[in-house]
Amino acid sequence: MKDELNKIFGDSLEPRLIEEIHKVGIYKRIAAGTKIIEIGSLVRGVPLVLTGAIKVMREDNDGNELLLYYLEDGQACSMSISGCFKTSKSAVRAIAERDTELIIIPIDKIVNWNITYKSWSDFIFNSYDARFNELLQAIDNIAFNNMDQRLVEYLKDKARINNSLFIEQTHKAIAYDLNSSRVVISRLLKKLENEGAIELQRNFIKIINLDFEK
DNA sequence: ACATTAATTGTGT
DNA sequence: ACACAATTAATGT
């Protein structure tokens, strides 16, 4: 456990702080597909991702979902950070994309450590910055890219996150993540298959080559 | 092994 | 976007 912390955060956090994280952090193991936090629910701490990946998404008034970004190992959720400083309700939903190990830092420590540990405030600031940039990327993607490009990005992300060229996902589920319709996704996927970029089978997609530039 | 059903995917309008 | 066809997987008999 402590070795794991050192391996993942050893470069960015000072030893004394790691010691303390080890002491007060609550270790959790979460199975893929499990909901971690719901929109509107109370933020009770800042989760640090040790291994695995978490999918963060937003929902509109009609219940349409939209994938924002993934949290990977060594990262912290900025939503929960802001939750500790200001409002305590989550504006996003988070679901474990893979089996995930994380450690939750209790809410009262966050602010304290900011004063006590330089490396902690750096870490928090960097996390915030990284998440912000990911959000900008997501916005660019939605605003300026067509659905076919968004789909390619989605497949690439998915492959990277899961470390596999095989994506187990129905067209319907993809459409949900991209806030599109199943038919559109099916057609675009078919087109990609015809272009030789992917291979389609029921319930999963095999990626051949998505790195073509148009 | 076969029939039935449900879910997923494909296609035309 | 909608409707329907085709295909595949799951389940019961």
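Atom set for the values below is all heavy atoms of this structure, side chains included, hydrogens, waters and symmetry mates excluded. In what follows, every chain begins at residue 1, and chains take the letters A, B, ... in the order their sequences are listed.
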>> Expressed as a whole number of angstroms, how long is the span from A:Leu189:CG to B:dG10:P?
In response: 8 Å
> Tell me: CG of A:Leu192 to P of B:dG10, nearest whole Å?
Replying inline: 12 Å
>> Could you check whether A:Ser186 and A:Arg182, counting side-chain N and O atoms only, form a donor-acceptor pair closer than 3.5 Å?
In response: yes
> Which of the following nucleotides, B:dG12, B:dG10, C:dT7, is nearest to the side chain of A:Arg202?
Replying inline: C:dT7
>> Distance check needed: B:dT8 P versus A:Glu193 CD, whole Å only.
In response: 19 Å
> Taking it one step at a time, do A:Leu5 and A:Leu50 satisfy side chain to side chain contact (heavy atoms under 4.5 Å, CB included)?
Replying inline: CA-CA 7 Å; A:Leu5 275 174; A:Leu50 298 178; 3.9 Å; yes
> A:Arg182 CZ to C:dC4 C1': how many Å, rounded?
Replying inline: 11 Å
>> Between P on C:dA1 and CG on A:Asn64, what's the gap in Å once rounded to a whole number?
In response: 12 Å
> Sub-3.5 Å donor-acceptor pair from the side chain of A:Asp60 to the main-chain atoms of A:Asn64, do we have one?
Replying inline: yes
> Does a nitrogen or oxygen in the side chain of A:Ser186 sit under 4.0 Å from OP1 or OP2 of B:dT9?
Replying inline: no
> When you measure from every atom of DNA chain C, which of residues 166-177 of chain A have a heavy atom less than 4.0 Å away?
Replying inline: none
>> Output the rounded distance in Å from CG (A:Asn203) to P (B:dA6).
In response: 18 Å
>> Determine whether the aromatic ring centres of residues A:Phe9 and A:Phe123 are separated by less than 6.0 angstrom.
In response: yes
>> Apply side-chain hydrogen bond (donor to acceptor under 3.5 Å, both in side chains) to residues A:Tyr154 and A:Gln169 and explain how you reach the verdict.
In response: CA-CA 12 Å; A:Tyr154 177 88; A:Gln169 185 85 301; 2.8 Å; yes
> Roughly how many Å is it from CE in A:Met147 to C1' in C:dA1, rounded to a whole number?
Replying inline: 14 Å
> Considering only C:dA1, B:dG10, C:dT8, which nucleotide approaches the side chain of A:Lys190 most closely?
Replying inline: B:dG10
>> Looking only at side-chain N and O atoms, does A:Tyr27 offer a donor or acceptor that is under 3.5 Å from a partner on A:Glu101?
In response: yes
> Which nucleotide, B:dT11, C:dT8, C:dA1, lies nearest any side-chain atom of A:Ser181?
Replying inline: C:dA1
> In whole Å, what is the span from the CZ atom of A:Phe204 to the P atom of B:dT9?
Replying inline: 11 Å
>> Looking at A:Lys190 and A:Glu193, is any side-chain nitrogen of the basic one under 4.0 Å from a carboxylate oxygen of the acidic one?
In response: yes
